[in-house]
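Read through the structure below, which is laid out as structure tokens, and then see the notes.
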Amino acid sequence: WQGSHIGTETLRLVEFTAFVEQQGEQDVCKQQHRFVHIDPTPTTETPLEVVDVRQIYDKFPERGGGLRDLYDQGPPHAFFLVKFWADLSFPLPEEEPGGTGGAFYGVSSRYEGPRALTLSCTSKVCSFGKQVVEKLETAEPPHWEDGRFVFHLQRSPLCEYLINFIRKLQTLPEKPMMDSVLENFTILQVLRDQETQELLLCVAFVFEVSASERGAQHHIYQLGRD
Ligand code: G9O
């Protein structure tokens, strides 16, 4: 289970995308823009770089189910950090007052593993280390495919907080200004077996904005503590 991916012997993240979809002016079909994306790339045996979890304690709630408590409970090999360079280079959808111009903002993810469990996912969106939104979702029942169970959380609508956050970020004139706002913006996702509440994966997300010509990028780290 060790290698260049987010996963353990019980659950592996295969694909992750946060996106906006909108109708092109002359197009019949919707155009999708990906803010962030993790590809279903084949695993290599190259071990991930390790980041000390204590370095990011203050970016998340620490106690009462926060990162420190979660890590204390473990298992430690289920903890990962993803740095995203988000691609914000798309035109803001036209906005009617309080609206998003008919655009759909969503997130889709796919996991796989050897057990047919009920997969739950808690996402905590944090600003200055404090939780501002929490969302609990349950994956669709898994299907058996090529010798493992595949779990989908598909087209989950992004909450208003995140949509407004992205839209405000895009109005900032320069990448350094966006990056300084993003220094205080983080997301923590915890995946559990819903029946037993066993922690299967915990992924901390931190962000910068991608230089526009490079598109969305990411780097994955294992979280550790000596
Ligand atoms: C620069 C900002 C990019 C935004 C990326 C958003 C990633 C979304 C991760 C899942 C969050 C789920 C929480 C949620 O939707 N709450 O509504």
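First listed ligand is number 1; within each ligand, the first listed atom is number 1. Side chains included, hydrogens not; waters and symmetry mates left out as well; all remaining heavy atoms used.
Counting heavy atoms closer than 4.0 Å to ligand 1, residue Val209 contributes nothing at all. Here Ser123 has side-chain heavy atoms under 4.0 Å from ligand 1, and that is the only part of it that gets that close. In Phe16, the part holding a heavy atom less than 4.0 Å from any atom of ligand 1 is the side chain.
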Test side-chain contact (heavy atoms from CB on, under 4.5 Å) applied to Tyr111 and Leu201, step by step: CA-CA 10 Å; Tyr111 301 83; Leu201 278 184; 4.2 Å; yes

Run the side-chain contact (heavy atoms from CB on, under 4.5 Å) test on Leu48 and Tyr221 for me, step by step, so that the C-alpha distance in whole Å, both residues' side-chain angles and the decisive distance to 0.1 Å come before the verdict. CA-CA 5 Å; Leu48 295 171; Tyr221 303 87; 5.8 Å; no

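In the model, Thr122 has no side-chain atom that pairs as donor or acceptor with a side-chain atom of Glu134 under 3.5 Å. Using a 3.5 Å distance cut-off with no hydrogens or angles, the side chains of Ser156 and Glu137 do pair a donor with an acceptor. Judged purely by distance below 3.5 Å, without hydrogens or angles, the side chains of Thr17 and His37 pair a donor atom with an acceptor atom.
Nearest protein heavy-atom neighbour of atom 14 (C) of ligand 1: Lys135 CD, 3.6 Å. The single protein non-hydrogen atom nearest to atom 6 (C) of ligand 1 is Ala18 CB, 3.9 Å, given as residue, atom name and distance. The single protein non-hydrogen atom nearest to atom 11 (C) of ligand 1 is Leu162 CD1, 4.0 Å, given as residue, atom name and distance. Closest to atom 2 (C) of ligand 1, if we only count protein heavy atoms, is Ile166 CG1, 4.1 Å.
Near Ile187, with a cut-off below 4.0 Å to any heavy atom, the atoms of ligand 1 are 7 (C), 8 (C), 9 (C). The contact set between ligand 1 and Leu158, taken as ligand atoms under 4.0 Å from a residue heavy atom, comprises 15 (O), 17 (O). Remark: ligand 1 atoms within the under-4.0 Å shell around heavy atoms of Ala86 are 1 (C).
Residue Cys159 has at least one N or O atom closer than 3.5 Å to an N or O atom of ligand 1.
For the ligand labelled ligand 1, residue Gln189 lies inside the 4.0 Å heavy-atom shell. Put simply, no part of Tyr161 is less than 4.0 Å from ligand 1, judged by heavy atoms.
The residue from Ile6, Leu199, Leu200 that alone fulfils the side chain to side chain contact (heavy atoms under 4.5 Å, CB included) condition with Leu11 is Leu200. For the pairing with Gln222, the side chain to side chain contact (heavy atoms under 4.5 Å, CB included) check across Val50, Val53, Val51, Leu81 returns one residue only, Val50.
The nearest pair of heavy atoms linking Phe84 to His218 is CD2-CB, 3.5 Å.
Note that CG of Leu172 is 5.5 Å distant from CE of Met178, once rounded to the nearest 0.5 Å.
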